[in-house]
Amino acid sequence: MSMIGRIFRFYREGFASMRLGKKLWLIVAIKLFVLYVVIKLLFFPDVLQEKFNNDTQRSDFVLRQLTQGAR
Amino acid sequence: MGHIDPSLVDWSRAQFALTALYHWIFVPLTLGLTFIVAIMETIYVKTGDEWWKKTTRFWMGLLAINFAIGLATGIIMEFEFGTNWSNYSWIVGDIFGAPLAIEGIMAFFMESTFFAVMFFGWDKVSKRFHLLSTWLVAIGSNLSALWILVANGWMQHPVGMRFNPDTARNEMENFWDVLFNPNAYTKFLHTISSGYVLASLFVIGVSSWYLLRKREIKFAKRSIVVAASFGLLVSLFNLTTGDDSARQIAVDQPMKLAAMEGLYEGKPGAEIVAFGILNPDKRLRDSTDPFLFKVAIPDGLSLLSYHRLDAYVPGIHQLVDGSKEHKILSVAEKMKRGRKAVEALATYKAAKKSGDREAMKQALETFRNYSAYLGYGYLKNPEQAVPPVATTFYAFHTMVGLGTWFILLFFLILYAAMTDRLQKLRWLLWAGVISLPLGYVAQEAGWITAEVGRQPWAIQDMLPVGMATSNLSTSPVMLTFWLFAILFTALLIAEVKIMTTQIKIGPKEHDHV
């Protein structure tokens, strides 16, 4: 059997023989779904990425914030 | 300080504190337990005794639970950087990006690959390769922590970078200065060794419970000998790294040190407070005694901070109002200089827009002269430079008090185990059980000291928290605060429930994770 085949079998048998691990993987999967699909998408936009088209605009915005009220 | 609603700043702070504190419930146990199972497995490989294999696999199972439940809880902080702290993220981007990218790559390749061998590889790969994988998981997990703490250390003491007024970003000038930032490596060593202390308390706590229940006697005694030996060594190491860390704070963040000790009036031969109750009526610049009660060691703070009994340690009053004698600039003077830096930045921006190169050059020169005080330019009054003294003081003293107790506990338990008297000393076994939650209290108290003590700064002297925050509506931040509170509490309940179930089953039935 090739190296890739042996590695595949190693992981397959490892996952198949898990007991508590199956429950843990389920928790991990639910958690990642909630974090990335629900929380990240709905509540955590990257403000500067979404608001501006390029880095020059982002720099200008942050510089404006830093110098507001200075002059 | 700026234009942002103060309640938004407070909710953003509260949200970040909540996620960081919950994340830190899971991380230190992984950092330490990986080493304890590696030590146990080494004994198994050396002796060939199957008992040690069973012992290793039991603790490895509990490690797997903690790892799985804690996995990706830190990613939320990265979400928060982009949303709640967008100004901060932009300004530090280049500095934070490199260490965090290295952390991500290393964590993925080292931990993920060798974790699989560690859990799936029993009886499938050679004993020595399995042992190597276990050690690499331990080392890899701890190296991941290095990169995170390098980033944190930079926020506490920014070095190796230069602020670019064209891009409004800090750009890395010297990677090695960032990596070997004294604040970063003292923090790294102190943090990981505190994780080892917690893991030792965890093994002792669970094993003591077995002994109190008169079950798994041989397993529990062996586990306790390993954990107490490891715990004693690492807690003594933790004491020395704590000393290094305090000396570094004395140099880089004297205001934090003064808050940690409730020191309002600086003096040579400053005492260190072993135990104290702060006077809640104490106000800045009044003559009220800061303490209602205290037990102090004369000259202790001078010795701790500068390794000299007569060294001068500045108090909060000197750090706010300045001291000519001790060459300490007042916060008011720093604010003046900071405002010059802010004005120069604005002038530079305007000159660039109008294409006036000479004005740009002059403004840049002025900015460079005053940029060390940039953050002070955003403070409204000198009092804002003082962190919450009571929170910092009590958190620091809780951490130190518990750390001292853990050294004594490890010594007593190891002595009792080696002289075969442990089972008779039920009070000591109870102390072992009760000290497990206290280990978590000490962990959180350490981070509260580090982070609350450096307020108002997001980046020390460069960017106050109010300027680091994104200008958002407060309600979504409040909503996500409660969402996280529910999510993390659910994860914590899952962790405790699964762990206690596995502990009740015990090592006999615990062949596969």
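Order of the sequence lines sets the chain letters (A, B, ...), proteins ahead of strands, with each chain counted from 1.
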Fill in: Leading residue by heavy atom contact count with chain B [cutoff under 4.5 Å; candidates Ile27(A), Leu35(A), Leu42(A), Asp60(A)]
Leu35(A)
Worksheet, complete the sentence: Note: vs chain B, highest number of non-hydrogen pairs under 4.5 angstrom among Ile39(A), Leu63(A), Val28(A), Val34(A) is Leu63(A)
Practice prompt. Taking Lys31(A) for its side chain and Ala72(B) for its backbone only, find out whether a donor-acceptor pair lies under 3.5 Å.
Written response: no
Item to complete: Write down the atom of Leu66(A), the atom of Val342(B), and the distance for their closest heavy-atom approach.
Response: O-CG1, 3.4 Å
Discussion item. Within the supplied structure, the quantity of interest is the number of heavy atoms (other residues, nucleotides, ligands) at a distance under 6.0 Å from Leu41(A) CG; does it exceed 12?
Written reply: yes
Worksheet item: How about residues 48-57 of chain A versus chain B: which residues have heavy atoms under 4.5 Å apart?
Response: Leu48(A), Asp55(A)
Worksheet item: CD of Gln68(A) to CE of Met467(B): how many Å apart, nearest 0.5 Å?
Response: 7.5 Å
Practice prompt. Take the angle between the ring planes of Tyr11(A) and Phe120(B) and call it parallel below 30°, perpendicular above 60°, tilted in between.
Written response: perpendicular
Worksheet item: Any side-chain heavy atom of Phe79(B) sitting closer than 4.5 Å to one from Tyr36(A)?
Response: yes
Worksheet item: If you count heavy-atom pairs under 4.5 Å between each of Ile75(B), Ile76(B), Thr73(B) and chain A, which one has the most?
Response: Ile75(B)
Worksheet item: What part of Ile69(B) gets closer than 4.5 Å to chain A, counting heavy atoms only: side chain, backbone, both or neither?
Response: both
Discussion item. Take a 6.0 Å sphere around NZ of Lys124(B) and say whether it holds more than 12 heavy atoms from other residues, nucleotides or ligands.
Written reply: yes
Worksheet item: Tyr348(B) versus chain A, heavy atoms under 4.5 Å apart: side chain, backbone, both or neither?
Response: neither
Fill in: Thr83(B) side-chain N/O to Pro45(A) backbone N/O, donor-acceptor pair under 3.5 Å
yes
Item to complete: Quick one: pull up CD in Gln65(A) and OG in Ser470(B) and give me the separation to the nearest 0.5 Å.
Response: 8.5 Å
Discussion item. Taking atom CZ as the centre, does Phe15(A) end up with more than 12 heavy-atom neighbours from other residues, nucleotides or ligands that are less than 6.0 angstrom away?
Written reply: yes
Response to the item:
Rounded to the nearest 0.5 Å, the NZ atom of Lys349(B) sits from the OG atom of Ser59(A) at a distance of 11.0 Å
Worksheet item: Shortest non-hydrogen contact from Thr67(A) to Ala346(B)?
Response: CG2-N, 3.5 Å
Discussion item. Can you tell me which portion of Leu345(B) sits under 4.5 Å from chain A's heavy atoms? Options are side chain, backbone, both or neither.
Written reply: both
Worksheet item: Checking heavy atoms, do the side chain of Phe81(B), its backbone, both or neither come under 4.5 Å from chain A?
Response: neither
Worksheet item: Around atom OH of Tyr370(B), are there more than 12 heavy atoms of other residues, nucleotides or ligands at under 6.0 Å?
Response: no
Fill in: Side chain, backbone, both or neither of Thr167(B) within contact of chain A (heavy atoms, under 4.5 Å)
both
Worksheet entry | Euclidean distance, Leu71(B) CG relative to Leu32(A) CG, rounded to 0.5 Å | 6.0 Å
Fill in: Worked verdict on Leu24(A) versus Phe67(B) for side-chain contact (heavy atoms from CB on, under 4.5 Å)
CA-CA 9 Å; Leu24(A) 295 177; Phe67(B) 184 84; over 6 Å; no
Worksheet entry | Stepwise side-chain contact (heavy atoms from CB on, under 4.5 Å) check, Asn84(B) with Phe44(A) | CA-CA 8 Å; Asn84(B) 304 55; Phe44(A) 285 91; 3.4 Å; yes
Worksheet item: Rounded to the nearest 0.5 Å, how far apart are CD1 of Ile65(B) and CG of Leu20(A)?
Response: 5.0 Å
Worksheet item: Counting only heavy atoms not in Lys40(A), do more than 12 fall under 6.0 Å of its NZ?
Response: yes
